[in-house]
Amino acid sequence: MTEMIARFAPSPTGNLHIGSARTALINFISKSQNINSKLYLRIEDTDKKRSTVEFKNNIISGLKWLGIDWDNEPQIQSQNINRHLEIADRLLTDSKAYKCICSESKLSERRKKINSGEITSKKICISCEKNTEVQNLEKDYVIRIKIPFEGNGIIEDVVQGNVEIKNSEIDDYVLVRRDGTPTYMLSVVVDDHDLGVNFIIRGDDHLNNYFRQKFIYEYMNWKIPRYAHIPLIHGEDGSKLSKRHGAVNLIDLKAQGYLPEAIINNLILLGWSPKNQDDEIIQLNSIISKFDLKSLSKSASIFSYKKLDYFNNYYLRQEKNLGLFINYCQSNLNLQKYIEKDKEKLIRIFNIYKKDISQYGEMINIAKIYFNLNFETTKNEKFQEEFNNSFNNFLKLINNIKNWEYEVINLEIKNFLKKNNIKFPVFGKPIRYLLTNNYNGPSITDIFMILGREQSLERLNKYKISNGRLRR
Ligand code: GLU
């Protein structure tokens with residue numbers, strides 16, 4: 001197989017978005033399918049107004065957290081500006097580009113006419129190219145690429161198939177701004193070429209850019225890479241995935257307590273499925289051996305938080321992932337407190353509740369109940385007579401259990417109910433309520449085990465029966 005040189009090229013203008021993470025993941029999987037391949041990370045920070053170091057760091061740490069790796073140090077695009085400008089100069093010298101001094105108002109006048117259909121050509125500047133005075137200027141101009149009016153551009157895209165558009169649809173876009181800085185459109189091509197990139201996997205919002213960028217390759221006599229433009233992710237209402245749908249940045253998903261394995265599992269099944277549909281739970285190693293980029297659907301995929309919760313619940317239940325829970329607690333101010341107070345207790349709570357939660361963040365409210373030393377139930381419940389009549393005896397029984405072990409407690413409770421001929425719900429629900437302020441939840445033996453003997457008794461003792469009447 002030929003060597004694949006790929007790259008992931010995020011702009012640090014926001015935190016790592018789940019859609020970008022998917023692009024990175026697919027790049028990583030594709031490169032991992034061939035040992036001779038390389039994947040580079042390039043931070044495209046030429047938009048200085050919107051790019052920040054914090055966003056760059058967030059993207060890098062988000063990728064690392066997901067387990068996505070790359071070769072070499074990340075490349076910082078703004079450090080290559082001189083090289084980009086050198087290519088713009090070459091294009092000028094070769095008459096493949098020209099200087100333009102059109103004012104913004106002149107351009108917008110023309111843009112209006114183009115958009116309304118009054119003018120069929122997309123050529124935005126019609127005067128500068130032929131004006132020698134302008135072409136001889138030393139400063140205060142933008143450099144535009146020259147796009148021929150005739151002919152068509154064709155792409156054989158790995159995901160989108162063959163797509164063709166007329167060159168007349170493309171405008172003479174800007175390569176270098178008036179302030180002398182190169183645009184994304186120029187920098188991306190120069191950097192990809194210089195890195196030897198031969199396979200570009202990116203979002204299909206860049207498909208149109210292919211038809212623009214290919215001219216730089218052609219004018220420079222550079223080999224055009226292969227492309228796979230992958231469809232974007234949409235929310236369940238069909239619109240582009242955004243905050244309205246839920247957390248969309250990796251940092252927020254991590255803070256809520258989602259696991260990398262669940263995110264990867266969910267992302268890879270968007271628009272692709274393994275041949276055996278039962279392999280719905282699929283991890284990176286197995287994805288690498290089974291994934292086939294060519295079979296990725298070219299229509300937008302729907303991101304479902306319900307599905308993500310399902311996968312997350314699956315992965316957080318795994319015994320081997322307990323360490324991830326501890327890491328999460330250490331990074332969460334609320335849970336950190338509990339870890340410091342009683343780590344074993346927090347782990348007991350987690351192990352009992354994990355089957356019912358889909359994010360680690362849910363543990364905050366659950367643990368709160370068990371760590372509250374001034375625990376009170378919220379309502380003054382009066383339970384059924386049958387319960388009240390035997391509650392004091394039950395208390396005595398619990399008091400007498402010295403060996404606080406699951407099997408022992410379970411057996412004692414069972415025998416007590418049998419002896420007194422009490423049905424479990426009559427007893428179980430109120431006891432659970434007195435211990436946790438909730439009629440539903442884990443078995444009362446589990447709750448006893450979480451709380452320990454002393455605290456269990458303390459909570460139960462708050463509900464006393466005297467002369468058959470309640471006293472709180
Ligand atoms: N920096 C571009 C972006 O974040 C990606 C460019 C590309 O993949 O060609 O959208």
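Whatever order the structure lists ligands and atoms in, that order sets their numbers, starting from 1. Throughout, numbering of the chain's residues begins at 1 and tracks the sequence.
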Asker: Which of the atoms in ligand 1, numbered in the order shown and given with their element, are less than 4.0 Å from a heavy-atom of Val188?
Answerer: 9 (O)

Asker: Looking at ligand 1, would Phe8 count as a contact under a 4.0 Å heavy-atom criterion?
Answerer: no

Asker: Tell me the protein heavy atom at minimum distance from atom 10 (O) of ligand 1, and give that distance in Å.
Answerer: His206 NE2, 2.9 Å

Asker: What atoms of ligand 1 come closer than 4.0 angstrom to any heavy atom of Ser11?
Answerer: 1 (N), 2 (C), 3 (C), 4 (O)

Asker: Distance under 4.0 Å to a non-hydrogen atom of Arg7: what atoms of ligand 1 satisfy this?
Answerer: 7 (C), 8 (O), 9 (O)

Asker: Measuring from non-hydrogen atoms of Gln213 to any atom of ligand 1, is the shortest distance under 4.0 Å?
Answerer: no

Asker: So, does Asn198 use its side chain to make a donor-acceptor pair with the main chain of Met4 at under 3.5 Å?
Answerer: no

Asker: Give the atom numbers and elements of ligand 1 that come within less than 4.0 Å of a heavy atom of Glu44.
Answerer: 1 (N), 2 (C), 5 (C), 6 (C)

Asker: Mark yes or no for whether Asn313, through its side chain, and Lys354, through its backbone, hold a donor-acceptor pair below 3.5 Å.
Answerer: yes

Asker: Please state which protein non-hydrogen atom is closest to atom 5 (C) of ligand 1 and give its distance, to 0.1 Å?
Answerer: Ala9 O, 3.2 Å

Asker: Tell me if a side-chain donor or acceptor on Ser239 pairs with a main-chain N or O of Gly235 at a distance below 3.5 Å.
Answerer: no

Asker: Phe371 ring centre to Lys345 NZ or CZ under 6.0 Å, with the angle to the axis within 45°?
Answerer: yes

Asker: For Asp171, run the salt bridge (charged side-chain N to carboxylate O under 4.0 Å, His left out) check against Arg110, Lys146, Arg212 and tell me which one passes.
Answerer: Arg212

Asker: Taking the six-membered ring of Phe199, is NZ or CZ of Arg226 closer than 6.0 Å to its centre and within 45° of its axis?
Answerer: yes

